[in-house]
Structures are given as structure tokens and as C-alpha cells.
Amino acid sequence: MKPKTIHIQDVTLRDGNQALKRPWTLNEKIEVFDLLVSLNVDGIEVGFPFSNESEFYTCQVLSKRAPKGKPIAALSRANEKEIAVTWEAIQQADSPRMHIVYPVSDFSIKHVLKITEKEVIQKIKSSVSFARSIVGPNHQIQFSGEHFGDAIQNFEFTKLAFMTAIEAGANIINLPNTVERYRPMVFVNMVKEIKESIGDKAMISIHTHNDLGMATATSVESVYVGAEQIEVALNGLGERAGNTNLYETVIALHQNGESLNIQFDRIYPTAKRISELTGIPIGEKTPIIGEDIFSHRSGIHQDGVTKTMNQSKGAYRTFSPEFVGRFDKETISFTNQSGHKAIEFLLRQKGIEVSKEEIHHLFSVAKSISSKENNREITETELVELSRSILTYQ
Ligand code: KIV
Ligand code: ZN
């Protein structure tokens, strides 16, 4: 079921931007676009042109700026006026892609659209056919069934909705978990059924949100039941708890042996810049990009880390800092949770060789200082000073 290639489609400039407290200016969007190009994502959704004039203009600018062959998408709701405006905004890209969204879940149809399923099918058919008539035969049309992840009650109808979109001219069927409500495997099984139903008639894409914190897991597992495209966002930006995080998704796929076009060492510099451009700080413990993710403080871990430091597989490391473009290193710090290995390692790094007995002595002193002072961390400098004052090597 696994696809031959996995297409990483970035939606930061659309889903990410629409959820910012202060959406980006043209110049900021250009900068983010260029970051995405250097990261070498496979495709970029540049915005929602119908939302306002400056968004429309920005989509035009970015479309003209797009590298040859890079799919450039923009979002439209399922009505002819909006589709025409959206197409006008992106048609100058070398490879423009029309993206149409319409709800498919029973709940949305009854409570938001307040129309019949028959009317939903008609709307999908007429909007996608209209899009096909204006984009011509050679450009891609992506159809998103909004709230797909919540379409369990009317799943047979949802399959029909997607078949209708394909027959009307869509070549990509995007399956959004617009609001994450259930377990990842509930969603993944739904993706599998859609794949079985549409076969190779269209590419399957996944678009997940992180309301329960499982968006990356859901997207990554969807690849193994036939999804060829994953929609992601830089720094996990996006509505509410955000979209599937680009960094986590690509690293997880890479770790599982999948080959991607991503320029992995652009990840960290990109994340830092996006944090500056949004004013949203990166959490210390954030996977891939958090400041503290290469620190080891417990004795058991420090033992494993020091024994496997220069090996390609580390006992307590999935990937190395340099792989994602970081200049920091795995660090060992000393707290009251740490072991002898931490002392030995930290001193050795400073060129200080000490005996087992000396390490043992230093360890007890450092531990008791930490415990007496509210369990605080003992810094590398303090350890060196401590060793100077109490050890015999001086
Ligand atoms: O979350 C969502 O359903 C969307 C669609 C437009 C794909 O963002
Ligand atoms: Zn979304």
C-alpha cells in the first residue's frame, strides 16, 4: 500500500497564516516562501486569495516567484466566483494547482450547511467541473472534503462525494482531520477505505490538525495505507493547536526509511526564523527544534550516551543535531539525578583526567550541593572549579 513517492505539501502560508494573531505582510510572506523553497518542500499552498485584496496580490507575487515545476496551490470555497478569482491569483505559477474545499461530514451538512446530501453532491460536481473548465486539462485540481475525519456516520456518502469530485475533474483527494476528535487509527482506517474505493483514480492527500496532539502520528501512519501527499506546516502553525508539524513528519518518515526531497539541514534555521516572524516561542521540549532536546541528565541515560557518543546510532538519540542544521551538541548536565559518568565525561571534555576514587568523591560533593540548593543543576564551570579545589591532580 505504501506509495512510491511521498509529496510534502506545505500549507503554512494559508492555514498557518490564517490563524496568526497578526497575519504576515507581503514581505514576510515572501520570506517564508523563500524559506520553504530552500527547505525544498514538494509543493506550497500560498493563500486564500478571495479573503482580501492584499492576499490576492500576495498569491500573484508568490506564484510568479515559484520555481519551475513546483506546484503552487491556493484555496477556494466551492463557488464559481471564488474559483475564478483564485485561479486568476495563481495561474502565472509554472505549475498552479486549484484547491477547492467543501464539507462532507454528516454533522457539518446538517448543522452548518443545512442542506441535503443530494445538494452537497451537486455543489461538488458543479464547482469542480467549473474549475476544470477554467484550469484546462493539464493542471491539477485538489478537492478537500472538509471534516473528513468526522465523517464516520455518513462514510458511504463521503465515498460518493469523492468519486463525484474525481469524475468532475479532481486529481487529488485531500482528506482533512479538520478537527482531531478520535484515535489516529480510526482516521487511518478511513483513509485505507478511501484508497480502496478510489484506487489510482486520484492521489490521496492527508491534512491533519493537532487538537489532541496526534496529528503527526495520524499523518505518518496514513502514508502506510496509501496517502501520497501530506500537508504540513512550519513550526506546526495553523488553526487552534495547529496543523501537522513539518519537521516532526519528515523526520519520522526519514527515520522509517522513506526517501524525501527535504533539505533536512534547513530545518533548524527555518524554525528559528519562523518563531521570530510569528513571535511564537519554540518550547524547550519541542521535538526536533526544542533547545533542551539533546540534554541528558539522568545517570542511566548518561551512561548510555557516553558509551555511544560517536556512533551513528546513539543510545538516547534518534538523529544528530547537525542533521537538522543545529550547531549545538548532545550535552550531559549534572543534577541530583545524574551519575558518575556525567562527572567523568564533563571533566574529560575539559582535558581533566581523574581516578575512579576522585570521581566518586567529586560526585558525592556535587550531589550534596545540588540537593542542599533546591536540586539545582551544577554547571560545567562549577564542576571544573570544584574539581580544582578538592582533587589531588592540581
Ligand atoms: O482543516 C481543513 O479542513 C482545511 C481544508 C481547507 C483542507 O484546512
Ligand atoms: Zn486545515
Side-chain angles (χ1 to χ4, degrees), residues 7-20 23 41 43-51 55 59 71-79 82-83 85-86 89-90 97-109 111-113 120 123-124 127-128 131 140-152 154 158 161-162 165 170-182 184 187 190-191 194 202-216 218-219 222 227-246 248-249:
H7 183 105
I8 301 294
Q9 176 77 4
D10 186 89
V11 296
T12 311
L13 289 165
R14 197 273 301 166
D15 215 327
N17 183 64
Q18 78 189 35
L20 289 179
V41 295
I44 302 174
E45 183 153 283
V46 288
F48 182 29
F50 202 76
S51 62
E55 180 90 352
C59 289
I72 299 298
L75 183 68
S76 171
R77 283 168 294 186
N79 69 71
E82 210 165 300
I83 291 169
V85 168
T86 305
I90 56 165
R97 178 190 286 181
M98 172 64 74
H99 182 187
I100 299 171
V101 62
Y102 204 63
V104 292
S105 75
D106 185 56
F107 183 86
S108 288
I109 294 169
H111 297 276
V112 182
L113 295 176
V120 172
K123 192 84 178 161
I124 294 173
S127 59
V128 177
Q140 290 175 317
I141 298 177
Q142 171 167 318
F143 174 77
S144 285
E146 199 199 16
H147 291 290
F148 167 77
D150 196 28
I152 305 174
N154 62 336
T158 302
F162 290 137
N171 359 55
I172 302 165
I173 293 297
N174 191 31
L175 308 177
N177 211 7
T178 306
V179 180
E180 184 174 57
R181 301 175 198 267
Y182 311 113
F187 184 90
M190 290 167 76
V191 176
I194 296 294
M203 181 205 269
I204 290 194
S205 168
I206 300 300
H207 173 109
T208 67
H209 280 268
N210 203 27
D211 301 79
L212 302 177
M214 302 187 289
T216 302
T218 306
S219 293
S222 295
E228 277 176 76
Q229 170 174 289
I230 302 189
E231 296 202 334
V232 290
L234 298 172
N235 296 34
L237 296 177
E239 293 284 358
R240 307 178 308 282
N243 281 91
T244 319
N245 184 302
L246 183 149
E248 294 170 15
T249 304

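Atoms within a ligand are numbered from 1 in the order they appear, just like the ligands themselves.
- If you check which protein heavy atom lies closest to atom 4 (C) of ligand 1, you get H207 NE2, 3.4 Å.
- Short contacts between ligand 1 and L75, defined as distances under 4.0 Å to a heavy atom of the residue, involve ligand atoms 6 (C).
- Residue contact annotation: E231 has no non-hydrogen atom under 4.0 Å from ligand 1.
- Atoms CD1 and CG, on I206 and L175 in that order, are 4.5 Å from each other to the nearest 0.5 Å.
- The part of N174 lying near ligand 1 is the side chain, judged by heavy-atom distances below 4.0 Å.
- Residue E45 holds its CD atom at 8.5 Å from CG of N174, rounded to the nearest 0.5 Å.
- A pairwise comparison of heavy atoms in F48 and R77 identifies CZ-NE, 3.9 Å as the closest pair.
- Only protein N, O or S atoms were considered, and those under 2.8 Å from the Zn ion (ligand 2) are D15 OD2, H207 NE2, H209 NE2.
- Between the CG atom of N177 and the CG atom of N243 there is a distance of 11.0 Å, given to the nearest 0.5 Å.
- Across all their heavy atoms, A161 and I124 have their closest contact at CB-CD1, 3.8 Å.
- The protein heavy-atom contact nearest to atom 3 (O) of ligand 1 is T178 OG1, 2.7 Å.
- Atoms CD1 and CD1, from I172 and I141 in turn, are 9.5 Å apart once rounded to the nearest 0.5 Å.
- Residues F148 and F187 place their aromatic rings such that the two centres sit under 6.0 Å apart.
- S127 and I100 make their closest contact through O-CD1, 3.9 Å (heavy atoms, listed as atom of the first residue, atom of the second, distance).
- Among protein heavy atoms, atom 7 (C) of ligand 1 sits closest to S144 OG, 3.5 Å.
- Minimum interatomic distance between A74 and I90 (heavy atoms only, all atoms of both residues): CB-CG2, 3.6 Å.
- Heavy-atom proximity to atom 6 (C) of ligand 1, evaluated over R14, H147, E146, is greatest for R14.
- Between H209 and ligand 1, a contact under 3.5 Å exists for at least one N or O pair.
- S219 contributes atom OG, which lies 9.0 Å from atom CG of N210 (distance to the nearest 0.5 angstrom).
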